[in-house]
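Each remark here refers to the structure printed beneath this line.
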Amino acid sequence: MNDQVIIFDTTLRDGEQALSASLTVKEKLQIALALERLGVDVMEVGFPVSSPGDFESVQTIARNIKNSTVCGLARAVDKDIDAAGEALKVSDNFRIHTFISTSDIHVQSKLRRSFDDVLAMGVNAVKRARNYTDNVEFSCEDAGRTPIDNLCRMVEAAITAGATTINIPDTVGYTIPSQFGGIIQTLFNRVPNIDKAVISVHCHDDLGLSVANSISAVQMGARQIECTVNGIGERAGNCSLEEVAMIINTRQDLLGVRTNINHKEIARTSQLVSTLCNMPVQPNKAIVGSNAFSHSSGIHQDGVLKSKNTYEIITPESIGLSQNVLNLTSRSGRHVIKHRMETMGYNEADYNLDELYASFLELADKKGQVFDYDLEALLFFNKMHEEDEFYQMDYLSVQSGSSVMSTASVKLNCGGEMRIEAATGNGPVDAVYQAINRITNLDIEVVDYHISSKGKGKDALGQVDIVAIYNGRRFHGMGLATDIVESSALALIHVMNHVQRADAVAEQKLKLKEEKETV
Ligand code: KIV
Ligand code: ZN
């Protein structure tokens, strides 16, 4: 049997479905490029029929990704499959993933049809998708709770119709490893044409078993795992990419399979996804949690000092975490910054050295010492806040204290026009937000505000993440500075730039529509 396990990443589809604010096209592309560097074989990047925004992002990613297969999701209905085919056809390497529920509970309560109808719909969907591509995946949603005879019938029929990958999802995370592995084994024993397709698994983590179930399926012959970075996804999430990749790598002796994942990209991709998705990683999470490689008890520390492998089965370096943290100051030259970035695994194409160096000097002046993690934070931040943004902060001054009313003055560059306002507020952040709102008059409601430190110590960079609603749509904004009031202002400005871009796109679409109607 083939020893390669295909890694199918669904961070930008199943993962994205679970976020408090949806990602912008630019953010999705940034993640897609990171996934490509990480070496995922297939990336599922959206559900094109679900909204014009999803269609556009799937198309943009399909245009830009060259080394991974780009995939779009479609229910087993014609309009979904056509939308996926249309969005993806700009790529020469794409897959359509179509699905329908097969468990009794879904067939009867959700679809309200007979199983035979569902089987016919699945077969039609696969045939329709084959008109766009030879690379068609079919999923039996809620396969984990589907009677095995029905599952075997559906799988056989989908393969006969032309599906080249058959996915077996444990949609509600209900099964346990021996049971889920048993389902895969039964399919191999009973479906006569099973060798004509790759068998895939897609496990959710409701009982915390998604990774164990996926590995058990691989032991029974599955050769594709569907997963997400940091395990993000519906409810308790999906199977975590970094965990399965490192299990397969670390326990090759037992499993005898491999993946194409470039492990050294794991830490960086995890941080990018966490930051852009506004989804912190729990400190004790396997592989990518901040405590994953820290040894607390004296006995453990003593053991690790004597020989690392006493308590460490994988090294931080193997996932791209640099242990050699150098501290830089404003006297460090550009070549030092470039060298640090190279050591951390970034090549020049990943960042703009002039911009990064300018932000580094600014930070070094404020903070004195700058560490590797500060440089990475600046890099993320520079990518998010580009120079051509419509709204830019020019000046901010705040007075606050325990016995004075907080007041703020803000000067904003609004598309080239300088505007200034002052306001009082219930605390310094509120005063700044009131002043900004006076300038822009945008009806933005901040519904979530979170502050965290990026790095260590009291002079660490402060990161502010907000979720805000504008015109019924949710936006995520992020700000980073040594001053947390400034970070708060930057986070709101980040949202305002998302809003401005969304408004500009909507206006352009309306104009095109009007022009078409006039013609
Ligand atoms: O969990 C699930 O069943 C899914 C399918 C669409 C594959 O996400
Ligand atoms: Zn799912």
Side-chain angles (χ1 to χ4, degrees), residues 6-19 40-51 54 58 69-77 79-81 83-84 88 95-107 109-111 118 121-122 125-126 129 135-146 150-151 154-155 158 163-175 180 183-184 187 197-211 213-214 217 222 224-241 243-244 277 279:
I6 296 166
I7 295 294
F8 175 114
D9 176 275
T10 182
T11 305
L12 291 171
R13 200 279 297 168
D14 218 326
E16 214 258 350
Q17 266 167 229
L19 302 184
V40 306
D41 302 290
V42 187
M43 57 175 90
E44 181 170 63
V45 298
F47 193 177
V49 82
S50 65
S51 71
D54 234 47
V58 170
T69 301
V70 180
C71 175
L73 185 68
R75 288 167 301 180
V77 290
K79 71 172 173 23
D80 285 36
I81 292 161
L88 290 162
R95 174 182 294 184
I96 296 180
H97 175 193
T98 182
F99 73 100
I100 194 160
S101 295
T102 49
S103 66
D104 288 349
I105 194 159
H106 278 217
V107 170
S109 315
K110 186 176 96 169
L111 301 175
V118 164
M121 285 170 76
V126 170
N135 193 343
V136 174
E137 172 169 332
F138 177 75
S139 284
C140 309
E141 192 185 3
D142 206 15
R145 293 189 297 173
T146 298
N150 285 354
L151 193 62
M154 184 77 247
V155 169
T164 43
T165 300
I166 293 290
N167 184 37
I168 306 299
D170 184 13
T171 304
V172 289
Y174 180 68
T175 63
F180 193 64
I183 294 174
I184 303 301
L187 290 174
V198 171
I199 300 306
S200 164
V201 290
H202 174 116
C203 298
H204 279 268
D205 210 34
D206 300 66
L207 294 176
L209 291 171
S210 60
V211 171
N213 284 345
S214 304
Q224 174 174 286
I225 295 181
E226 301 201 352
C227 46
T228 59
V229 174
N230 301 336
I232 64 170
E234 284 285 355
R235 307 179 310 278
N238 286 59
C239 170
S240 136
L241 183 152
E243 291 179 27
V244 285
C277 294
M279 275 276 200

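In each ligand, atom 1 is the first atom listed, and ligand 1 is the first ligand listed.
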Keeping Asp9 on the side-chain end and Met43 on the backbone end, is there a donor-acceptor pair under 3.5 Å? no
Side-chain contact, heavy-atom cut-off 4.5 Å: Val42 with Glu137? no
Look at Glu141 together with Lys110 and state whether they make a salt bridge at an N to O cut-off of under 4.0 Å. yes
Evaluate the side-chain proximity of His202 to Phe8: yes if any heavy-atom separation is below 4.5 Å, no if none is. no
For Leu207, check side-chain contact (heavy atoms from CB on, under 4.5 Å) against everything at least two apart and list the hits. Leu209
When rounded to the nearest 0.5 angstrom, what is the spacing between CD1 in Ile184 and CG in Asn213? 9.5 Å
Could you check whether any side-chain heavy atom of Leu151 comes within less than 4.5 Å of a side-chain heavy atom of Cys140, counting everything from C-beta outward? yes
Thr228: which residues meet the side chain to side chain donor-acceptor pair (under 3.5 Å) condition with it, sequence neighbours left out? none
Heavy atoms under 4.0 Å from ligand 1: which residues qualify? Arg13, Asp14, His97, Phe99, Ser139, Glu141, Asn167, Pro169, Thr171, His202, His204
Closer than 2.8 Å to the Zn ion (ligand 2) - protein N, O or S atoms, ordered by chain and residue number: Asp14 OD2, His202 NE2, His204 NE2
Heavy-atom side-chain proximity of His204 to Asp14 below 4.5 angstrom: yes
